[in-house]
Each structure stands twice: as structure tokens, then as C-alpha cells.
Amino acid sequence: MEAFQLLSRGGAKFDKKRFYNDVKLFNKDVKGKSVPKINESELPAELDFFKYAQGGPGKRKAAEENKGGAKKVKLDTSEDEEESDSDRDEDSHPRQKHRVTTKGADVPQHIDSFEALRERYQIPQRLLANLQLNDYKHPTGIQSYGIPILMKSRDLAAISPTGTGKTLSYLLPVMAALESPISSSKSDAGVGVRAIVLAPTRELAHQIHNECLKLAAGRKWRIVLFSKATASTLSDRNVRDKVDIIISTPLRLVASVQEGNLNLNNVRHLILDEADRMLDPEFLSQVQEIVAACTHPTLQKAVFSATLPAGAEKIAMGMLRDPIRVVVGLKDTPLPLISQTLTYVADDGSKLPSLLTYFSQPYNPPVLVFTSTQPRATSLAEELLLNGIPNVDCLHAGMTKKEREDAVSRMRKGESWVMISTEVMARGMDFKGIREVINYDFPTSVQSYVHRIGRTGRAGREGKAVTYFTDEDGPYLKSIANVLLQSGSTVPDWIVKLPKPSKMKKKQMGKIQRAETVNAARKIGRNDAIKKRDMIAGSKRRKMKVNKPPKDDEHDSKTSE
DNA sequence: AAAAAAC
């Protein structure tokens with residue numbers, strides 16, 4: 001405990017000019033093409049992952065994912081045509097090949113390059129220049145389809161995998177539209193907030209704000225990251241009326257609207273990031289209140305996410321007006337660039353030894369570890385510290401705003417090697433360096449799983465995801481296993497053969513399945529030394545000693561040859 | 001389907 005607080009305090013030295021540094025670093029991170037390379041050359045092995053990114057695992061998925069083919073849906077394969085010149089693109093984001101499907105009336109032609117935007121929509125030169133400055137060279141799938149749709153003032157539901165550039169897909173059109181207001185009089189454009197981006201966590205809102213600032217560099221826009229502090233300054237009408245874009249979490253915004261401190265009737269663009277999360281019951285009423293407060297007749301709405309379950313999609317589509325739906329790749333599926341492993345740990349008590357074993361072997365920092373609750377995150381961080389794991393950090397919503405900001409800052413700077421966190425970090429956060437994600441506690445939904453492991457493997461990089469499961473997790477094991485299969489990772493046979501849990505009897509099934517899980521896992525445990533390298537054997541049979549390296553090679557295994 | 005996050 002003491003030690004942990006000490007460490008946390010150690011990070012506080014960055015407080016001065018914290019924000020400034022954060023932005024600066026973030027810029028550098030994306031802009032400097034040298035950064036990824038430097039990072040890579042520092043770390044041994046598996047470093048030429050860019051070459052994999054160009055063609056390897058991506059194809060596996062592309063092959064698997066047709067079938068589903070769409071009815072009355074326009075099919076297109078993005079980015080295939082430009083393969084010829086992609087060879088010398090190592091310094092830009094590697095291109096991924098994803099099928100793009102669109103649904104809706106009069107879908108605008110997609111763009112093949114950002115330059116096309118200027119010709120077609122007279123996007124300001126400044127904006128394009130800022131793109132270049134930040135090393136955006138070619139649009140990703142969602143960018144090439146989503147941007148024209150939003151430029152045409154259409155409503156949009158966009159589904160695209162983690163780390164494929166959704167943020168830019170909505171920021172660029174919004175900022176282009178603000179620059180050249182469609183309204184008749186200029187004075188009209190100036191009164192009140194014109195665009196709102198909603199995100200589920202403070203950290204994500206902060207990150208979007210940074211991204212927005214980079215695109216706006218050199219312009220006079222006022223882009224506000226909404227917080228208690230900014231909310232109070234906005235009660236001043238003179239300040240409030242000059243704000244162009246607000247990035248916020250829902251409740252903060254609702255509070256200001258209810259206090260009468262904020263009028264949203266001039267909002268022309270409303271974006272829901274992590275849309276399915278925002279449409280969860282707890283957020284939904286807040287979001288609906290904001291939507292209701294946006295009374296401008298030409299309000300454009302768009303929702304973005306990597307996952308969109310049927311229920312959430314229905315709600316979203318109900319909110320949108322004559323929407324176009326764009327799906328890149330497969331919905332609710334992780335990137336094939338992320339190699340995923342399911343690891344059996346018999347029970348909760350076996351998790352810590354397993355994790356310590358993991359860290360006693362070579363690993364690729366920074367590693368992001370997910371737990372199910374805040375106390376578990378805190379205590380796991382303490383345990384790792386006590387066991388001498390270096391540079392352990394912790395981040396959950398129970399911490400103070402400042403503690404959270406410091407933790408993110410350390411992460412951005414590469415000072416955190418092991419970040420223990422809760423669901424708060426599961427969505428949207430873009431730490432490009434993250435090489436490995438460990439689900440210490442089993443995710444409570446497919447969506448959670450997809451988003452959590454999507455913290456790695458971003459922008460075409462490779463990533464690794466390890467998920468611990470216990471006997472208790474049996475009932476949900478199969479659905480996660482299916483996700484692995486769908487995205488090209490391998491799953492032990494016995495898991496594939498688990499019976500499907502039925503809705504009605506999930507409780508009883510839970511028991512049955514738990515028993516099957518235990519049995520099957522035990523069986524595997526016996527001959528794992530020979531074959532099952534994906535499983536951690538023997539949490540049942542042998543209790544591992546802290547920091548003692550295991551004899552077998554479970555951990556450096558790859559999912560395929 | 002279930003915990004965390006939002007103020």
C-alpha cells in the first residue's frame with residue numbers, strides 16, 4: 001500500500017505543464033515517423049511486424065469474412081487498388097484490407113485519397129495541411145467511406161474495428177463543415193456551440209480533444225474539453241457563444257443544460273463515439289436528453305463504434321434520420337493482427353501466480369491488464385509492486401481526476417510498463433505502443449472483449465492478447481472463443497466443443513458447463529506439455545512459486561506456425 | 001448478460 005502510493009506520487013512530478021506536455025507528446029507520437037521505428041529497434045524479436053501487417057494475417061480474415069454477403073447491400077473492397085504504391089509506405093500506417101459494406105439511400109462515392117476531398121468538397125487547405133503534419137497519408141476504410149457521407153450532411157452509423165481511425169472520420173468532416181457554414185447568414189453560425197462529440201469516459205474525451213486540437217492547429221476555433229471548470233466558465237454568455245466544438249461525457253453536459261448554462265439549439269453536428277456504450281441503459285437517458293436539446297433543424301447525427309449489438313443498433317437507427325450504415329470488416333470482431341490466447345487458471349487464487357510467472361519471462365511492455373473491479377485493480381497493482389515488477393501503474397474511475405490524468409500521462413510517455421485498469425480503459429484509448437493486453441478477469445461481454453484487446457494492434461501494428469479464464473467463467477467461455485475463431489486465432493478443441501449456453505436455462509447450464517470446463521481443462525492439463533501450449537497447465541496440480549520461471553514454453557508460443 | 005462509468 002505504502003509502496004504503491006509512493007510510486008503514484010513519483011509520477012506527480014510531471015504535474016507542472018502536464019497538459020502541455022501531454023499534447024506535445026501526443027503530437028510527436030503520431031507525427032514523428034521515427035517514433036515507431038525507434039521503439040521497434042529498441043525491442044528485439046518480432047519487430048518487422050509491418051511486413052505482416054501488409055499482407056499476412058489480414059488475408060486470413062478477408063477470406064473468412066465474405067460468405068455473410070449482403071442483400072441489397074453494396075459491396076466493395078476498399079484499398080485494394082492502391083496496393084502498388086503501398087510498398088514504400090512503411091512510415092505511414094500500414095493498410096489493412098477490410099471489406100466495406102454500406103447500406104442506405106444515395107451513398108456518396110468514397111474517396112481514395114485525402115486530396116480528393118479538396119476537389120470534391122473544397123475542404124480547406126489548412127485542414128489538409130494539418131493532416132499531413134500529423135502523418136495521415138491515406139484514408140483508412142472508415143475514413144474513405146465515412147468522410148464523404150458526413151460531408152454530404154448525411155446521418156451515419158459507422159462500425160469499424162478498433163484502431164482504424166474512427167476519430168478522424170468524424171472530426172475532419174465536422175471541422176470542414178464548421179469552416180464553411182451552410183447557413184445563410186454568418187452571424188447565425190457564430191451563436192452558440194455548433195458541434196458536440198460525446199464519449200463515455202473522461203480519458204477518451206481528453207484524447208479526442210487532443211486529436212481535435214491537432215487538426216485545428218493554426219485556426220481560431222474554440223474547442224472545449226468539457227469539465228467542471230470549463231462548465232463554469234461557460235456560464236458566461238460571452239464565452240459560451242464563442243465555442244465551436246464541445247467534447248464531453250454525457251452527464252457533465254446534461255448537468256450544464258439543466259442548469260440553464262448551456263444552450264444547444266445551434267448544434268449542427270452531434271457525434272456519439274463508442275455508440276453502443278453510450279446507448280447502454282445508464283447513459284441512454286442522458287444522451288436522449290442531449291439529443292432533445294439539440295433543436296437545430298439541420299442537426300446531423302452520427303454514431304461510431306467497433307461493436308454495435310442489435311439492440312443498440314436499433315436504438316441508434318431510431319435516432320438517425322435517413323441514415324447510411326457503414327460496416328468495415330466484421331462487426332463485433334477484433335483485428336486479425338491481434339494474436340489471441342485463452343489461458344486456463346483454475347480459480348481466482350491461481351491468477352496472481354500465473355501473472356507473476358508471465359512477468360518473470362520476457363514480455364513486451366507496455367502491457368495493459370484488465371480487472372473486473374476497481375478494488376481488484378488497486379490490489380493487483382499493489383501485489384505486482386510488492387513482487388518487484390517495475391513501473392506498475394493503476395487507473396480506474398475511483399481515482400481522482402488528477403491521478404487519472406497522471407496515469408494516462410505516464411502511459412503516453414512510455415513510463416508505465418504494466419498498467420492495471422478497469423473497463424474505463426477498455427474503449428477508445430489509443431496508446432499506440434501497447435503490445436500486449438491481459439484479461440486478468442474475464443470480460444463480461446463479447447463487446448467488452450473486443451474493445452479491451454483492441455487497445456493493442458492499433459493502426460496496423462501487431463498485438464497480443466491473453467485472457468485468463470477460471471472454472472467460473474465456463475458459461476461465457478464459448479462466446480469469447482467464437483470471437484477468437486472468427487478473427488483467425490486458434491482455440492483448444494475442447495472449448496470449441498463446449499455446448500452452447502441456452503438463454504432460458506443459463507443458470508443450470510452454468511453449472512453443467514462449469515463441470516465440463518473443469519473436466520476438460522483437467523484432461524488438457526495432463527498432456528499439455530506435449531501439445532496444448534495455449535493453456536497454462538497445472539494451476540491445479542502444481543502451485544507456482546512467485547517469480548520462478550516455468551520449465552515449459554507455454555508463454556512464447558504463437559497461435560499458429 | 002453484467003460491472004463500470006458518467007456528475
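Because the structure is a prediction, the values reported are computed rather than measured. Chain letters run A, B, ... following the sequence lines, proteins first and then strands; every chain starts at 1.
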Worksheet item: Between A:Ser372 and B:dA4, is there a side-chain N or O to OP1/OP2 distance below 4.0 Å?
Response: no
Worksheet item: Given atom CE of A:Met399 and atom P of B:dA4, what is their separation to the nearest angstrom?
Response: 16 Å
Worksheet item: Have A:Glu423 and A:Ser448 got a donor and an acceptor in their side chains that come within less than 3.5 Å?
Response: yes
Response to the item:
When rounded to whole Å, the CG to C1' distance for the pair A:Asp276 and B:dA3 reads 15 Å
Practice prompt. State, to 0.1 Å, how close A:Ala407 and A:Ser416 come at their nearest heavy-atom pair, and which atoms those are.
Written response: O-OG, 4.4 Å
Discussion item. Please classify the nucleic acid contact of A:Ala397 as base, sugar-phosphate, or nothing, using heavy-atom distances under 4.0 Å.
Written reply: sugar-phosphate
Fill in: OP1 or OP2 of B:dA6 under 4.0 Å from side-chain N/O of A:Arg404
yes
Worksheet entry | Short side-chain N/O contact to B:dA5 OP1/OP2 from A:Arg427, under 4.0 Å | no
Item to complete: Among B:dA5, B:dA6, B:dA1, find the nucleotide with the atom closest to the side chain of A:Arg277.
Response: B:dA5
Worksheet item: At under 4.0 Å between heavy atoms, what does A:Ser448 touch on the DNA or RNA strands: base, sugar-phosphate, or nothing?
Response: nothing
Practice prompt. Write down the distance between CG (A:Leu279) and P (B:dA1), rounded to a whole number of angstrom.
Written response: 19 Å
Practice prompt. Measure the distance from CG on A:Asn482 to P on B:dA1 and round it to the nearest whole Å.
Written response: 14 Å
Worksheet item: If only side-chain N and O atoms of A:Thr249 are considered, is one of them under 4.0 Å from the OP1 or OP2 phosphate oxygen of B:dC7?
Response: yes
Worksheet item: Any N or O donor-acceptor pair linking the side chain of A:Thr444 to the base of B:dA2 at under 3.5 Å?
Response: yes
Worksheet item: For the residue pair A:Ile338 and A:Thr456, what are the closest heavy atoms and their distance?
Response: CD1-O, 3.6 Å
Worksheet item: Any chance the side chains of A:Asn238 and A:Arg240 put a donor and an acceptor closer than 3.5 Å?
Response: no
Discussion item. In this structure, how many angstroms lie between the P atom of B:dA6 and the CD1 atom of A:Ile247, rounded?
Written reply: 16 Å
Worksheet item: Do any of residues 280-293 of chain A sit with a heavy atom less than 4.0 Å from DNA chain B, and if so which?
Response: A:Glu282, A:Phe283, A:Gln286
Worksheet item: How is A:Pro200 classified with respect to the nucleic acid when contacts are heavy atoms under 4.0 Å: base, sugar-phosphate, or nothing?
Response: sugar-phosphate
Fill in: Value in whole Å for how far the C1' atom of B:dA4 lies from CD of A:Glu203
12 Å
Worksheet item: Is the backbone of A:Glu282 close enough, under 3.5 Å, to the side chain of A:Asp280 for a donor and an acceptor to pair up by distance?
Response: no
Practice prompt. Give one of base, sugar-phosphate or nothing for A:Gln447, where a contact means two heavy atoms less than 4.0 Å apart.
Written response: base
Item to complete: Calculate the interatomic distance between A:Asp273 atom CG and B:dA5 atom P; express it in whole Å.
Response: 18 Å
Item to complete: Kindly assign one of parallel, tilted or perpendicular to the pair A:Trp494 and A:Phe469, based on the angle between their ring planes and the thresholds 30° and 60°.
Response: tilted
Fill in: Candidate pair A:Glu211 and A:Lys214, rule salt bridge (Lys or Arg N to Asp or Glu O under 4.0 Å), full reasoning
CA-CA 5 Å; A:Glu211 198 72 15; A:Lys214 289 191 300 184; 3.3 Å; yes
Worksheet entry | Short side-chain donor-acceptor distance under 3.5 Å, A:Thr295 and A:Asn265 | no
Worksheet item: For the pair made of CG in A:Leu251 and C1' in B:dC7, what is the distance, rounded to whole Å?
Response: 4 Å
